[in-house]
Amino acid sequence: MSSEPRASKRARLDEESATTGNIPTSKYGESALVGAIDQGTTSSRFIIFNKAGEIVVSHQMEHRQILPHPGWSEHDPMEILENVKICIDKSIEKLEATGRSASDVVAIGITNQRETTVAWSRKNGKPLHNAIVWLDTRTSDLVASYTEPPHDKDRLREKCGLPISTYFSALKIRWMLDNVPAVKAAADDETLMVGTMDTWLMYGLCGGVFATDVTNASRTMLMNLRGQHWDNELCDFFKIPIKVLPEIKSNAEVYGNLTVTALKSVPVSGCIGDQHAATLGQGCLAAGEAKNTYGTGCFLLMNVGGQPVSSKNGLLSTICFKLGPDATVFYALEGSCAIAGAAVQWLRDEMQMISSAGEIEQVASTVADTGGVYFVPAFSGLLAPHWRPDARGCIVGMTQYTNRAHICRAVLESVCFQSQEVFRAMEKDARMKLKSIRVDGGMTANNLLMQIQADLAGVPISVPCVAETTALGAAFAAGFAVGVWTCPKEIRTKSTVRKTWTPTIDILERAGRTLLWDHAVKRSLGWACP
């Protein structure tokens, strides 16, 4: 008799069927289109894909970044909801201008910034407070209280896969219950509704549907990772009533139908957190396959198969995806860095060293190296693998020789060094070497950044032809649920490689530069009270 655990065997068989064999015939013709709502940290988009996974039309709108105090970050939920509606309608206008019809769109998927948390009233559907964004650090005192000795940040990892951190939703909910009278009053009279951004959008677009998916739920610290249900003990620990939380569903099933916009009555049949969507969109269907997304922050996920892997190296155990109510759950290891593209924005907006984000590559390319300068962008602490909320940003190694170009290059290198720390931790936890890394996100347009990353990682870095892998993953989940695509294997055919960067430095240079980065990180620690 085989000793292979049942869940692992089922996941292996599902993985084999997803990546090999024939693809069943779709019930939809080639004219079928699938839309994806991509609600991010700085903007919202609606993208329409055809069956080949190609972008047909899209529309994007930025929203305000509300920063009431140092370390605090908020969004206006109503502004984001209205922006999403506008993006849908504008995209349909563009679609019809091509001669296509709104009726060609047969399904919609939602992907979103994870952990960002909204509280609203069941009475009128209005927010009770601004959304608290994932990178907000106002809950640092709560973290400290929950991790006082003899306890530590990992006391809940066995159940939820996550350390106690300002990053996750549970502490944001607890803070609102403690500090926002309207939220506490709604909880007392049982009219409080709380959810991540996917839930808020679903509620506003689908006539009051109150649901979330397993990937977003896995980022709250309130979901049992193995059972995929709200855990009574975790909710009791944070004193959060389970009844304020949405129903948890898979990533690929019909949640409801739109009741607004030009796509009224079209089903929302996919929902998946942004980084999980990018993993799916990159075709990382098998254990050991990994991707890194370069956006506001950096987010690396590795598919580890049908059993969760407990990290000993500062990573997160999370859901990778679940493509249907009765489908196998695939798990992932994740490492997140809070500041990546945000560091370039800081260089542009606050330091005024560049006039546009794209200019950084040109300026940084005028020097061969950083001149010994290292920049640690710990503006709100360090996430994986350190989990140090007391860290703060620092620039070290400067001399009179240092100029603007050196600092620009050091900013780019900081993104790659942070990612490299996660790569190293991931290889240790998964007990396997990464052979290559698939990348996506806006920063992949920076060729210098990608070459630096390949040099520091020591493996090839590949970017796909379709850059919008996050939206593609959400669209695929939605289309898969209704039969536009009939096999997960089809996502691989949409994820062809556009360009690959290979390492150009040797192992000794890589080790020496990494050692100096480690020294710089140590100097960033202890600057703020935890």
Side-chain angles (χ1 to χ4, degrees), residues 35-47 58-69 71-94 108-138 169 172-173 175-176 179-180 182-183 186 192-212 216 219 246 256 258-264 268 271 273-274 277 295-297 341-342 345 349 380 442 468 470-471 474:
I37 296 166
D38 183 357
Q39 201 295 296
T41 306
T42 59
S43 68
S44 300
R45 296 181 292 179
F46 188 68
I47 302 177
S58 67
H59 193 79
Q60 180 173 357
M61 294 181 67
E62 292 188 354
H63 53 262
R64 290 177 299 139
Q65 304 299 309
I66 303 168
L67 309 171
H69 304 286
W72 291 31
S73 180
E74 298 177 358
H75 292 155
D76 179 347
M78 290 302 298
E79 178 187 7
I80 289 175
L81 177 60
E82 292 306 311
N83 282 0
V84 168
K85 292 178 183 178
I86 293 170
C87 286
I88 293 173
D89 286 338
K90 291 292 185 182
S91 294
I92 295 303
E93 288 178 13
K94 295 176 182 179
I108 295 170
I110 295 176
T111 185
N112 59 288
Q113 52 169 320
R114 304 166 304 166
E115 298 97 18
T116 297
T117 305
V118 186
W120 67 98
S121 170
R122 191 184 303 272
K123 291 180 180 178
N124 58 18
K126 301 297 184 184
L128 300 169
H129 190 268
N130 281 334
I132 301 179
V133 181
W134 57 273
L135 50 71
D136 184 285
T137 60
R138 74 185 68 190
S169 303
K172 303 178 196 303
I173 299 170
W175 185 91
M176 286 191 281
N179 294 278
V180 181
V183 173
L192 178 63
M193 306 180 84
V194 176
T196 42
M197 197 58 71
D198 58 305
T199 302
W200 166 247
L201 292 177
M202 198 90 64
Y203 184 86
L205 296 173
C206 297
V209 170
F210 190 46
T212 189
N216 276 295
R219 314 296 295 187
L258 289 193
T259 58
V260 293
T261 77
L263 292 180
K264 186 175 180 180
V268 173
C271 185
D274 54 5
T296 303
Q345 292 176 324
D349 299 339
S380 56
E468 306 299 344
T470 302

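When only modelled atom types and interatomic distance are considered, H59 and E93 share no side-chain donor-acceptor pair under 3.5 Å. Judged by distance alone, the side chains of Q39 and S44 do bring a donor and an acceptor atom under 3.5 Å apart.
Under the 30°/60° scheme for interplanar angles, the aromatic rings of W200 and Y203 are found to lie parallel.
Enclosure of atom NZ in K94 by more than 12 non-hydrogen atoms of other residues, nucleotides or ligands within 6.0 angstrom is indicated.
Counting heavy atoms from C-beta on, the side chains of L81 and L205 come closer than 4.5 Å.
Paired with K90 under the rule side chain to side chain contact (heavy atoms under 4.5 Å, CB included), one option of I86, I92, I88 passes, and it is I86. When each of T296, T116, L67 is checked for a side chain to side chain contact (heavy atoms under 4.5 Å, CB included) with V133, only T116 meets the rule. Of the listed residues (T199, N216, T196), just one forms a side-chain hydrogen bond (donor to acceptor under 3.5 Å, both in side chains) with N112, and that residue is N216.
The two residues V194 and F210 make their nearest non-hydrogen contact at O-CZ, 3.7 Å. S91 and S58 get closest at one heavy-atom pair: OG-C, 3.6 Å. When all heavy atoms of A182 and L128 are compared, the closest pair comes out as O-CD1, 3.9 Å.
A donor-acceptor pair under 3.5 Å is absent between the side-chain atoms of D274 and the main chain of T111, judged by distance alone.
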